[in-house]
Amino acid sequence: MVEAAMGSLDPAQCDRRGPDGRLIEGTGGVDAGTVSTLGIVPCVLSDADWLTPDQHIRLLAVASVVSGIARLLADDPGTAILHGQDARMCTTLDHATRTA
């Protein structure tokens, strides 16, 4: 899923930017298919009663981080990297995908 989101990252597809160049409205260059896939996760999880609450939280975190980091890097990669925002999101992703 991460590769799909990052592979389709294209800042030129952003809908609207403010005078400072920051994204105001749009998907951060992530294609509609990826946005749809990530957006459905919270809805599908309510039907996945075989998963534990911990697994639900982890899947929600992964979907959120994957969609968030794509938008963050499309919006302002310099600031994201300089201030460690991307690293913190990757740490969250690592934590959420741990098996134990």
Side-chain angles (χ1 to χ4, degrees):
M1 192 175 341
V2 174
E3 293 84 12
M6 301 311 273
S8 63
L9 186 61
D10 181 3
Q13 294 176 357
C14 296
D15 294 339
R16 190 168 59 117
R17 292 186 175 272
D20 60 354
R22 288 189 173 264
L23 182 68
I24 293 173
E25 181 180 40
T27 62
V30 179
D31 66 77
T34 302
V35 170
S36 177
T37 299
L38 294 171
I40 198 73
V41 170
C43 301
V44 173
L45 283 178
S46 64
D47 291 331
D49 57 359
W50 63 89
L51 296 174
T52 67
D54 183 61
Q55 290 169 324
H56 280 179
I57 295 297
R58 289 174 184 269
L59 286 170
L60 285 171
V62 168
S64 176
V65 168
V66 169
S67 58
I69 200 165
R71 185 177 174 120
L72 178 70
L73 290 173
D75 183 23
D76 191 359
T79 299
I81 294 166
L82 182 65
H83 295 289
Q85 295 168 326
D86 59 333
R88 286 193 302 275
M89 291 182 93
C90 287
T91 299
T92 301
L93 186 59
D94 287 343
H95 180 79
T97 57
R98 284 192 316 206
T99 56

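Heavy atoms only: backbone and side chains are in, while hydrogens, waters and symmetry mates are out.
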In one Ile/Leu/Val/Met/Phe/Trp/Tyr side-chain cluster, 4.5 Å: L59, W50: yes
Tell me every residue that passes side chain to side chain donor-acceptor pair (under 3.5 Å) with H83, counting only those two or more places apart in sequence or in another chain. none
With sequence neighbours excluded, tell me which residues meet salt bridge (Lys or Arg N to Asp or Glu O under 4.0 Å) with D47. none
How long is the span from the CG atom in L45 to the CG atom in L60, to the nearest 0.5 Å? 5.0 Å
In terms of heavy-atom contacts, V65 and M89 come closest through CG1-O, 3.4 Å
Closest heavy-atom contact between R58 and R98? NH1-O, 3.2 Å
Would you list the pairs meeting salt bridge (Lys or Arg N to Asp or Glu O under 4.0 Å) in which at least one residue belongs to residues 83-95, sequence neighbours left out? none
Just by distance, do the side chain of T97 and the backbone of L93 share a donor-acceptor pair under 3.5 Å? yes
